[in-house]
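Each chain gets a letter, A, B and so on, in the order its sequence line appears, and its residues count up from 1. Model, not experiment: these values are computed from the prediction.
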Amino acid sequence: MSIVTNELTFYYGKKAAIDGLSLNINSGFNVLLGPNGAGKSTLFSMLTGLYQSASGDIKINGYDLNHERAKIMQSMGVVFQQSTLDLDLSVKQNLTYYAALHGISSSQALENISEILSQLQLTQRLNDKVRSLNGGHRRRVEIARALIHQPKVLLLDEATVGLDIDSRKMITEYVGSLSQQLGICVLWATHLIDEIAADDQLIIIDDGKIQAQGISGELCKKHNVADVYQLYRSLTASAEIS
Amino acid sequence: MNNRYLYCFNGIVKREILRFFQQRSRLLSALVRPLLWLVVFAAGFRAALGVSIMEPYGTYITYQQYITPGLCCMIILFNGMQSSLSMVYDREMGSMKVLLMSPLPRPFLLCCKLIASALLSLLQVVIFLLFAQLVDVDIPLMGYVSSIPAIFLIAFFLGALGLMLSNLIKQLENFAGVMNFVIFPMFFLSSALYPLWKMQEASLWLYWLCQFNPFTACVELLRFALYGQMNILALTTVLIATSIASFFALMSFKPLHGRK
């Protein structure tokens with residue numbers, strides 16, 4: 001399970017949002033840290049095939065995104081920064097719709113994630129309209145949905161933004177455990193420093209470029225700083241953090 | 001069909017139908033609009049706009065009878081544009097990403113959306129035609145059956161046109177412009193409300209605009225189909241228009257390219 005990008009570039013008009021970005025990440029919990037506007041969401045849109053790069057290439061689990069998109073999508077789950085749930089449908093209807101888009105029957109879909117639904121405490125909320133759920137529960141539904149087709153790669157773009165402390169804690173711990181339980185590759189984009197542990201794989205992005213990559217604690221030692229906050233301040237020009 | 005495709009098709013159709021029935025006002029407005037035209041407008045204008053014998057009718061007909069196919073097409077047109085509005089909404093709300101991240105081919109996904117929209121159009125038209133019977137619009141029983149493929153094809157064309165437009169509309173608020181620049185011109189510059197020979201008497205250039213409007217072909221295709229007949233010219237025109245609109249709808253769903 002891996003995500004490899006090579007010299008990726010992407011422009012909005014004349015401004016480079018992603019500027020020659022090369023990345024190589026493997027199974028486990030990988031944190032992509034960067035300020036707002038660093039290029040995290042653009043990178044996610046490129047990894048998911050929603051945006052096409054101006055140059056460079058992307059390989060996920062060894063498949064080339066330009067030529068084997070279907071195989072990649074079968075093995076990739078995504079939670080976008082902006083909620084993508086249908087508010088007027090129930091939790092179950094949202095889940096089965098997503099499963100159908102991946103060619104999975106409703107019964108198979110619910111079987112695939114029955115344990116996940118239980119872990120996320122969603123089993124009792126299956127028939128509730130998404131509109132009636134709070135932000136934390138909606139995020140849990142999106143995580144369950146992203147796992148419905150049993151992906152090998154899970155991308156989460158600022159999945160905890162706007163949530164209260166308990167919901168954030170629950171979600172970060174759960175996703176962190178997923179990479180160990182299921183042996184999948186998780187890429188967690190965030191600008192929240194407190195979501196990063198010392199043993200997490202950390203990738204710092206700014207101005208569309210990778211500024212540093214490695215084990216969080218080791219990177220701090222290498223740059224001779226006390227913590228991730230100072231590391232981040234030293235590597236990003238326009239640090240905007242929480 | 002591969003099971004994966006079948007599950008996907010079912011999922012998309014089910015979602016569209018669920019959403020439609022959750023928006024009860026949508027069904028109501030889809031029916032009230034043409035019924036108002038049929039009951040109020042047609043009653044007022046039937047004396048002023050008497051219709052002579054013309055194909056496919058074998059005898060003199062009432063004005064209500066004449067405008068019924070046009071009003072059915074109006075329902076389909078509004079439903080097609082409503083679908084495009086829902087695509088704009090989906091894009092703004094982010095749920096379009098979910099659709100586009102399916103491993104199944106995008107042309108197939110869009111085709112499923114169009115078929116779902118066509119099914120909803122068919123349902124609305126059938127309900128409208130049942131109400132139309134109450135104001136003496138006489139349609140043979142077989143007409144209901146023979147019009148199904150025509151309604152489906154027209155709905156597919158207008159749905160594809162809506163999809164194409166949904167990608168040109170950058171913001172939800174701009175949809176009002178579609179009403180002024182697409183729906184009204186298409187509807188009024190067609191044979192939906194008056195036979196084109198009447199238009200020819202009034203203005204030759206307007207007549208030619210109506211002739212080249214593919215919506216005219218839609219109306220005529222359905223008019224003939226409701227009486228168990230086929231208008232080959234209209235069918236050919238609608239098929240060509242459908243192919244063109246589908247092609248451009250599909251082209252507009254390519255990923256955003258990050259070139260400088």
**Prompt:** Are there more than 12 heavy atoms of other residues, nucleotides or ligands under 6.0 Å from atom CZ of Phe247(B)?
**Reply:** no
**Prompt:** Is there a side-chain contact between Leu104(B) and Leu101(A), using heavy atoms and a 4.5 Å cut-off?
**Reply:** no
**Message:** Show the nearest heavy-atom pair for residues Gly11(B) and Ala100(A), with the distance to one decimal.
**Reply:** CA-CB, 3.6 Å
**Message:** Counting only non-hydrogen atoms closer than 4.5 Å, does Ile104(A) touch chain B with its backbone (N, CA, C, O), its side chain (CB onward), both, or neither?
**Reply:** backbone
**Request:** Output the option from Leu50(A), Ile18(A), Ile72(A) having the highest count of non-hydrogen pairs under 4.5 Å with chain B.
**Result:** Leu50(A)
**Request:** Please look at Leu99(B) and chain A and tell me whether the side chain, the backbone, both or neither of the residue comes under 4.5 angstrom of a heavy atom of that chain.
**Result:** both
Taking atom types as modelled, which donor-acceptor pairs link chain A and chain B at under 3.5 angstrom?
| from | atom 1 | to | atom 2 | distance (Å) |
| --- | --- | --- | --- | --- |
| Tyr11(A) | N | Gly258(B) | O | 2.8 |
| Leu50(A) | O | Leu256(B) | N | 3.2 |
| Gln52(A) | N | Leu256(B) | O | 2.7 |
| Gln52(A) | O | Gly258(B) | N | 2.9 |
| Arg69(A) | NH2 | Leu100(B) | O | 2.7 |
| Arg69(A) | NH2 | Ser102(B) | O | 2.9 |
| Gln82(A) | NE2 | Glu92(B) | O | 2.8 |
| Asp86(A) | OD1 | Arg19(B) | NH1 | 3.4 |
| Asp86(A) | OD2 | Arg15(B) | NE | 3.2 |
| Asp86(A) | OD2 | Arg15(B) | NH2 | 2.8 |
| Asp86(A) | OD2 | Arg19(B) | NH1 | 2.8 |
| Asp88(A) | O | Gln22(B) | NE2 | 3.0 |
| Ala100(A) | O | Cys8(B) | N | 3.4 |
| Leu101(A) | O | Ser102(B) | OG | 2.4 |

